Amino acid sequence: MRRRLCLLSCVLLVSGFARTLAAEAARPANPAINARARAVLEYFHELSAPTSGRRIASGQFTDFGARASLRVLEEIHARTGHWPALAGVDYADFPRGGLTTKVPNHVAIDYWTQGGLVTVMAHLPNPANPKGGGLRDKGVNLDDLLAPGTETHQRWQQQLEIMAAGLRELKDAGVVVLWRPFHEMNGGWFWWGAHEPAAFIRVWRHMFDTFTHAKGLDHLIWVYGPNHGPKTADYYPGDAYADLTGLDAYTDFVDRDHIKGYAEIVALPKPFGFTEYGPHGPKDPPGNFDYRRFITGLERDFPRTCFFMCWNAKWSLAANEETKALLDHPLVLNRADLPPALFRR
């Protein structure tokens with residue numbers, strides 16, 4: 001009898017410890033997150049929970065900077081009868097080598113007002129480059145961004161001010177933002193990528209502290225989104241600095257032989273999604289992908305997925321095949337399936 005009681009106590013202890021860990025993971029990175037953002041984050045945790053039956057919120061990137069619009073979402077609706085649950089915009093101003101928030105914010109506010117979720121990112125210009133631009137510059141010392149008195153630090157602070165002002169406009173409009181900075185940081189193609197992880201984490205945390213504490217941006221859900229491949233978890237800034245995780249992947253083959261790093265990133269205690277997906281590869285897609293293959297692959301090999309965002313142009317849901325079948329799939333949540341209460345708080 002004593003042995004049974006001891007075994008029962010151990011089971012209850014382990015169960016209680018597991019619940020404690022789950023509760024810790026569900027805590028927002030920003031403890032002062034506003035009620036709307038908290039509700040959206042809790043919704044993603046619900047989608048991710050094994051007991052919920054798990055479903056996947058659909059998403060579509062619109063475009064960069066001043067080119068952002070709802071056009072691609074309208075095309076998807078015309079083809080499928082569905083609006084994706086999530087719309088993505090980017091603050092990059094490629095023609096001027098800087099950042100712009102006006103048009104992306106207009107699109108984001110419009111979609112939120114219609115009952116859709118919003119994710120924002122930024123292909124950042126290199127603050128170490130005095131000419132602007134420099135997205136793919138090499139050899140940047142990330143610590144220079146955080147060194148007061150340097151021109152790089154000054155330009156970095158200016159970029160933070162522009163982004164914070166844009167995000168503040170979305171806060172004032174009542175929009176919750178899935179904020180995804182420094183995407184694909186484990187790859188070497190952007191100036192912030194493939195650096196020593198500790199240096200990258202310092203920069204991430206500096207942005208987090210600036211936006212959260214100095215700027216009071218309490219409507220942000222912080223999304224950590226490396227590229228699939230090696231070191232997907234190495235750049236993770238910590239549970240207190242991220243709310244969601246994801247992978248970017250460009251491939252026709254939605255399986256673990258071709259999309260690497262899933263096990264490492266789902267070991268992190270946050271809901272997981274495909275932060276970018278595009279068929280074929282990162283360049284020149286033919287636009288003939290059967291999107292049923294995507295949901296089949298997610299269901300079979302990536303069961304922790306609770307959201308995805310397809311890239312635009314010829315990677316998009318508007319430019320490929322069987323997108324209606326994807327959005328019709330019982331696992332997939334579209335805009336009409338989102339709880340209206342998320343948008344009323």
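Please read all numbers here as calculations on a predicted model, not as lab measurements. Heads up: numbering here begins at 1 and tracks the sequence.
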Tell me, with the steps shown, if Arg168 and Lys171 meet side-chain contact (heavy atoms from CB on, under 4.5 Å).
CA-CA 5 Å; Arg168 166 67 66 173; Lys171 173 184 173 175; 3.5 Å; yes
Can you give me the closest heavy-atom contact between Ser316 and Tyr291, atom names plus distance?
O-CE1, 3.8 Å
For a side-chain hydrogen bond (donor to acceptor under 3.5 Å, both in side chains) check, start with the C-alpha distance between Asp144 and Thr150, then their side-chain angles and the critical distance, and finish with the verdict.
CA-CA 7 Å; Asp144 287 347; Thr150 65; 6.0 Å; no
N/O donor-acceptor pair under 3.5 Å between Asn129 side chain and Pro125 backbone
no
Could you please spell out the steps behind the salt bridge (charged side-chain N to carboxylate O under 4.0 Å, His left out) verdict for Arg79 and Glu75?
CA-CA 6 Å; Arg79 289 186 58 179; Glu75 292 173 3; over 6 Å; no
Between the CZ atom in Phe200 and the CE atom in Met185, the distance rounded to the nearest 0.5 Å is 4.0 Å
Shortest non-hydrogen separation from Asp337 to Val332 and the atoms involved:
OD2-O, 4.0 Å
Could you walk me through whether Tyr91 and Asn105 pass side-chain hydrogen bond (donor to acceptor under 3.5 Å, both in side chains), step by step?
CA-CA 9 Å; Tyr91 282 164; Asn105 278 2; 2.7 Å; yes
State whether the number of non-hydrogen atoms from other residues, nucleotides or ligands found under 6.0 Å of His153 atom NE2 is greater than 12.
yes
Side chain Ser48, main chain Pro271, donor-acceptor under 3.5 Å
no
Please step through ring pair (Phe, Tyr, Trp, His ring centres under 6.0 Å) for the pair Trp222 and Tyr241, ending with a clear verdict.
CA-CA 7 Å; Trp222 290 75; Tyr241 296 90; 8.7 Å; no
Can a donor-acceptor pair be found, under 3.5 Å and without considering hydrogens, that links the side chain of Arg55 to the backbone of Pro330?
yes
Would you indicate whether Lys102, at its atom NZ, is surrounded by more than 12 heavy atoms from other residues, nucleotides or ligands within a distance under 6.0 Å?
no
Would you compute the distance between atom CG of Leu298 and atom CG of Leu326 and round it to the nearest 0.5 angstrom?
8.5 Å
Main-chain N/O of Pro230 paired with Asn186 side-chain donor or acceptor, under 3.5 Å
yes
Is it true that Arg38 and Glu42 make a salt bridge, defined as a side-chain N closer than 4.0 Å to a carboxylate O?
no
Qualifying side chain to side chain donor-acceptor pair (under 3.5 Å) pairs with a residue from residues 188-200, counting only residues at least two apart or across chains:
Glu184-Trp189
What class does the angle between the rings of His206 and Trp156 fall in, given that below 30° is parallel, 30 to 60° is tilted and above 60° is perpendicular?
tilted
Should Phe190 and His183 be marked as a ring pair (Phe, Tyr, Trp, His ring centres under 6.0 Å) after you check the CA-CA gap, both sets of side-chain angles, and the distance that decides it?
CA-CA 9 Å; Phe190 300 134; His183 65 294; 4.9 Å; yes
Report the C-alpha separation of Asp90 and His123 in whole Å, then their side-chain angles, then the decisive distance to 0.1 Å, and conclude whether the side-chain hydrogen bond (donor to acceptor under 3.5 Å, both in side chains) test is met.
CA-CA 7 Å; Asp90 192 297; His123 281 71; 2.7 Å; yes
Picking from Tyr250, Phe289, Phe302, Phe308, what satisfies ring-ring contact (aromatic ring centres under 6.0 Å, His included) with Phe294?
Phe308
Are more than 12 heavy atoms, taken from residues, nucleotides or ligands other than Gln114, located less than 6.0 Å from that residue's CD atom?
yes
Got a sec, which residues hit side-chain hydrogen bond (donor to acceptor under 3.5 Å, both in side chains) with Tyr236, two or more places apart in sequence or on another chain?
Asp239
Between Leu70 and Val107, does the side-chain contact (heavy atoms from CB on, under 4.5 Å) criterion hold? Intermediate values first, please.
CA-CA 7 Å; Leu70 295 181; Val107 172; 3.7 Å; yes
Looking only at heavy atoms, the pair that brings Thr62 and Leu73 closest together is CG2-CD1, 4.0 Å
Over all heavy atoms of both residues, which pair between Ala37 and Ile221 is shortest? Give the atoms and the distance, please.
O-CD1, 3.6 Å
For Asn312 and Phe61, indicate whether the former's side chain and the latter's backbone hold a donor-acceptor pair under 3.5 Å.
no
So does Glu276 pair up with Arg180, basic N to acidic O under 4.0 Å?
yes
Could you check whether any side-chain heavy atom of Phe182 comes within less than 4.5 Å of a side-chain heavy atom of Tyr224, counting everything from C-beta outward?
no
Quick one: does any side-chain atom of His329 pair with a main-chain N or O of Leu331 as donor and acceptor, under 3.5 Å?
yes
Quick one: does Glu322's side chain have a donor or acceptor within less than 3.5 Å of a partner on Asp290's backbone?
no
Assess, by modelled atom type and distance only, whether the side chains of Asn30 and Thr212 contain a donor and an acceptor separated by less than 3.5 Å.
no
Does the ring of Phe253 carry Arg293 above it, NZ/CZ under 6.0 angstrom from centre and within 45° of its axis?
yes
Can you tell me how far CG of Leu217 sits from CG of Leu170, rounded to the nearest 0.5 angstrom?
9.5 Å
Mind checking side chain to side chain contact (heavy atoms under 4.5 Å, CB included) for Arg96 and listing every partner two or more places apart, or none if nothing turns up?
Asp93
Between His258 and His228, is the side-chain hydrogen bond (donor to acceptor under 3.5 Å, both in side chains) condition met? List the steps.
CA-CA 9 Å; His258 294 88; His228 81 99; over 6 Å; no
Think Arg335 forms a cation-pi with Tyr111, using NZ or CZ under 6.0 Å from the six-ring centre and within 45 degrees of its axis?
yes
Are the side chain of Asn334 and the backbone of Ser58 linked by a donor-acceptor contact shorter than 3.5 Å?
no
Can you name the closest pair of heavy atoms from Val89 and Ala68 and give their distance?
CG1-CB, 4.3 Å
Between the CZ atom in Arg27 and the CG atom in Leu41, the distance rounded to the nearest 0.5 Å is 13.0 Å
Under the 3.5 angstrom rule, does the side chain of Thr232 hit a backbone N or O of Gly261 as a donor-acceptor pair?
yes
side-chain contact (heavy atoms from CB on, under 4.5 Å), that's the test. Do Leu247 and Asn227 meet it? Break it down for me.
CA-CA 5 Å; Leu247 288 176; Asn227 200 62; over 6 Å; no
Pair Phe307 + Phe274: ring centers closer than 6.0 Å:
no
So, does Arg36 use its side chain to make a donor-acceptor pair with the main chain of Gly174 at under 3.5 Å?
yes
Below 4.0 angstrom, N of the basic side chain to O of the carboxylate: do Glu161 and Lys215 qualify?
yes
Applying side-chain contact (heavy atoms from CB on, under 4.5 Å), run through Thr119 and Val177 and close with a yes or a no.
CA-CA 6 Å; Thr119 183; Val177 174; over 6 Å; no
Give me the atom names and distance for the closest heavy-atom approach of Ala242 to Pro237.
CB-CG, 4.3 Å
Just verifying a value: how many Å separate Leu124 CG and Leu160 CG, rounded to the nearest 0.5 Å?
8.5 Å
Contact between His219 and Val175 at the side-chain level, heavy atoms closer than 4.5 Å - yes or no?
no
Would you give the length of the straight line joining atom CG of Asp255 to atom NZ of Lys260, rounded to the nearest 0.5 angstrom?
8.5 Å
